[in-house]
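Notes follow the structure.
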Amino acid sequence: MGLFTPKAPPLIGVDVSSTAVKLLQLSQVGGRYRVDHYAVEPLPPNAVVEKNIVEVEAVGDAVRRALARSGSKLKHASAAVAGSAVITKVIPMPSELTEDDLEGQIQVEANQYIPYPIEEVSLDFEVIGPMRDNPEMSNVLLAASRTENVDMRVAALELGGLTAKVIDVEAFAMENAFGLIVDQLSVARDALIAVVDVGATMTTLAVLKNQRTVYSREQVFGGKQLTDEIMRRYGLSYEEAGRAKRQGGLPESYEEELLLPFKEAMVQQVSRLLQFFFAGSEYSRVDQVVLAGGCASIEGASELVEEQMGVPCCVANPLARMSLAPRIQAQALAKDAPALMIAAGLALRSFD
C-alpha cells in the first residue's frame, strides 16, 4: 500500500426516490468537501412505488442518463434501501468475540429478531460500543433487509453502469448528512432536532439528539399530490405538470387555490408525524424543525411550519459549505440541495 494510494475507491452516492434518481460525487480538498459531479434525472411514473423499485430497467436507464449528465467517470456507487424495508435492532454480544466469531453468532441470533426466513435476508452489523452497565458485553447494531430489496437496487445500478459497493439504510445516510448541516442550526448541539424529508410520495421524520437518530417514521404524503392536482386542474400531462411546478408559468390562481392548500397540508403532516413521536416518547416538543426533500424548497413552506407550529424551522442545505467544481451550476445546485440529503449522506461514504 503506497502512501498516495486511496484506501478505497471513491463512491458516487445514488439516491433512488419515487420520482427521480439523484447522483452526487464529492471530493475533499484541503479539509473541505467539494461537489465534483451531480445530476437529478426524473423517473417515469410508477417505476418506483413508495421507495420500492418496480421497474428495474426504467431505473437503470435513469441511472445511466444521470451518470452521463453528471460527467462522473466513477464506476463504484453507494445506494440505500428505505427505512420501511429495513429492520434494525441493537443486540448485546460478548465483547471478546472476534469479527468472524461475531458474524457467525449474529447469523444464529438473527433468527429471533427477523420475521422473514433468514435465507431471504441481507444482514449487516456494526459494533456500537460496550454496554454501559456491563463492559464485558457490547451493543451491536443489526440491520436486515429482504434480499430482494437490496438486489433490486444493485441490479438497477448495474444496468446504469455502476457497481454497488455500499448498500446503506436511508435513515443512516440522513444521519450522516445531518453532520453537514448541524452548524447551520440556531440551537445548541444537544438540542432535539426534527428532520422532515418531504419527497414526492413519502414523508420521513427523523428526530435526532446529539446527531444520533432517536426516532424515525414514514408516511405516504408528498409533492406528487400537488403535481396530480396541477394535472387535473389545468389539463397537463405528468411531465408538463412537474415542469410547471418547478419552473412556473401557471395561472395566477395557482398560488391561492393549489399551492397554499398544499403547503397547509404539509404543515399538518409535519405536525402529525411529531404527534406520533411525542405520544411514544418522554418529549413533548422539539427545538427545531429542518425541512428536507424536494418539497422543502417550496417558497414559504418553512415559514408556514414555523408560524403554525411555534418552532424555529429552516431548509436543509447539506452542500452550503462546500466548494464547487467549475462545471457545477451553483444556482441549479442550490435549488436541488434540500432534496440531496440522502445522496450527500451516501456520497460521504467515500471518506469512511
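Side chains are part of it too, since the values below use all heavy atoms of this structure and drop only hydrogens, waters and symmetry mates.
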Problem set entry | N-O pairing of Arg349 and Asp168 below 4.0 Å | yes
Problem set entry | Least distance between heavy atoms, Val315 atom then Ala296 atom | CG2-O, 3.7 Å
Seminar exercise, completed: One should read off an interatomic distance between Leu273 CG and Phe278 CZ, to the nearest 0.5 angstrom, of 11.0 Å
Exercise. Should Ile128 and Ile106 be counted in the same cluster of Ile, Leu, Val, Met, Phe, Trp and Tyr side chains packed under 4.5 Å apart?
Worked result: no
For this session: Report yes if some heavy atom in the side chain of Val196 is under 4.5 Å from a heavy atom in the side chain of Val290; otherwise report no.
Result: no
Problem set entry | Any side-chain heavy-atom pair of Tyr116 and Thr147 under 4.5 Å | no
Problem set entry | side chain to side chain contact (heavy atoms under 4.5 Å, CB included) assessment of Phe178 paired with Met174 | CA-CA 6 Å; Phe178 183 75; Met174 183 63 97; 5.9 Å; no
Problem set entry | Check: Pro312 main-chain N/O paired with Glu306 side-chain donor or acceptor under 3.5 Å | no
Exercise. Does any non-hydrogen side-chain atom of Leu205 lie less than 4.5 Å from one of Leu274?
Worked result: yes
Exercise. Looking only at heavy atoms, what is the nearest atom pair of Ala292 and Val195, with distance?
Worked result: CB-CG1, 4.4 Å
Exercise. Ile342 and Ala173: which non-hydrogen atoms are nearest, and at how many Å?
Worked result: O-CB, 3.9 Å
Exercise. More than 12 non-hydrogen atoms from neighbouring residues, nucleotides or ligands closer than 6.0 Å to CD on Glu299, yes or no?
Worked result: no
Exercise. Gln25 side chain to Val35 main-chain N or O, any donor-acceptor pair under 3.5 Å?
Worked result: no
Seminar exercise, completed: The residue among Lys245, Arg243, Arg232 that forms side-chain hydrogen bond (donor to acceptor under 3.5 Å, both in side chains) with Thr227 is Lys245
Problem set entry | Polar side chain donor-acceptor pair, Gln219 to Gln269, under 3.5 angstrom | yes
Exercise. Any side-chain donor-acceptor pair under 3.5 Å between Thr201 and Glu50?
Worked result: no
Exercise. Below 4.5 Å, heavy atoms only, C-beta onward: do Leu226 and Leu259 meet side chain to side chain?
Worked result: yes
For this session: I would like to know whether Val207 and Thr213 meet side chain to side chain contact (heavy atoms under 4.5 Å, CB included); could you show each step before the answer?
Result: CA-CA 6 Å; Val207 182; Thr213 307; over 6 Å; no
Exercise. Between Ser27 and Asp36, does a side chain to side chain donor-acceptor pair (under 3.5 Å) hold up when you go through it step by step?
Worked result: CA-CA 7 Å; Ser27 61; Asp36 286 340; 2.8 Å; yes
Exercise. Minimum heavy-atom separation for Gln107 to Leu123, with atom names?
Worked result: OE1-CD1, 3.6 Å
Problem set entry | Residue pair Met266, Leu291: steps toward the side chain to side chain contact (heavy atoms under 4.5 Å, CB included) verdict | CA-CA 11 Å; Met266 198 164 130; Leu291 284 186; 4.0 Å; yes
Exercise. Rounded to the nearest 0.5 Å, how far apart are OG of Ser323 and CD of Gln28?
Worked result: 10.5 Å
Exercise. Is there side-chain contact between Arg34 and Leu26, with at least one heavy-atom pair below 4.5 Å?
Worked result: no
Exercise. In terms of side-chain heavy atoms, does Ser138 have a donor or acceptor partner in Ser95 at a distance below 3.5 Å?
Worked result: yes
Exercise. Around Glu120, counting heavy atoms of other residues, nucleotides and ligands shown, do more than 12 lie under 6.0 Å from its CD?
Worked result: yes
Problem set entry | Lys89 atom NZ: more than 12 heavy-atom contacts under 6.0 Å | no
Problem set entry | Cluster check Leu346, Leu74: I/L/V/M/F/W/Y, side chain < 4.5 angstrom | no
Problem set entry | For Asp228, side-chain hydrogen bond (donor to acceptor under 3.5 Å, both in side chains) partners two or more places apart | Lys224
Exercise. Is Leu159 reachable from Val154 through a run of I, L, V, M, F, W or Y residues, each pair having side-chain heavy atoms under 4.5 Å apart?
Worked result: no
Exercise. Which side-chain hydrogen bond (donor to acceptor under 3.5 Å, both in side chains) pairs, counting each pair once, include a residue from residues 272-289, with sequence neighbours left out?
Worked result: Ser186-Gln288
Exercise. Do you know which two heavy atoms are closest between Ala191 and Val187, and how far apart they sit?
Worked result: CB-CG2, 3.7 Å
For this session: Working to the nearest 0.5 Å, report the span between NZ of Lys335 and CG of Leu333.
Result: 13.0 Å
Seminar exercise, completed: Distance col, row Tyr33:OH vs Leu180:CG, nearest 0.5 angstrom, shows 6.5 Å
Problem set entry | Within-4.5 Å side-chain heavy-atom neighbours: Leu304 and Val267 | yes
Exercise. Ion pair present between Glu170 and Lys51, side-chain N to carboxylate O less than 4.0 angstrom?
Worked result: yes
Problem set entry | Chi angles and distances behind the side chain to side chain contact (heavy atoms under 4.5 Å, CB included) call for Arg69, Glu41 | CA-CA 9 Å; Arg69 187 189 301 178; Glu41 186 65 37; 2.9 Å; yes
Exercise. With a 4.0 Å cut-off, would you call Arg233 and Glu257 a salt bridge?
Worked result: yes
Exercise. Under a single-linkage definition using a 4.5 Å side-chain heavy-atom cutoff for Ile, Leu, Val, Met, Phe, Trp and Tyr, are Met322 and Phe351 assigned to the same hydrophobic cluster?
Worked result: yes
Problem set entry | Main-chain N/O of Arg212 paired to Asn210 side chain as donor or acceptor, under 3.5 Å | no
Problem set entry | Minimum side-chain heavy-atom gap Gln105-Glu109 below 4.5 Å | yes
Seminar exercise, completed: Here the gap from Leu11 atom CG to Lys75 atom NZ, rounded to the nearest 0.5 Å, amounts to 13.5 Å
Exercise. Quick one: does Lys22's side chain get under 4.5 Å of Val14's, heavy atoms only?
Worked result: no
Seminar exercise, completed: Looking only at heavy atoms, the pair that brings Leu319 and Ala337 closest together is CD1-CB, 4.4 Å
Exercise. Are the aromatic ring centres of Phe262 and Tyr254 under 6.0 angstrom apart?
Worked result: no
Problem set entry | Trace of the salt bridge (Lys or Arg N to Asp or Glu O under 4.0 Å) decision for Asp151 with Arg146 | CA-CA 9 Å; Asp151 289 350; Arg146 293 188 73 148; over 6 Å; no
Seminar exercise, completed: Interatomic distance, OG@Ser297 vs CG@Asp336, rounded to 0.5 Å, equals 7.5 Å
Problem set entry | Linked, directly or transitively: Ile298 and Met309 (ILVMFWY side chains, under 4.5 Å) | yes
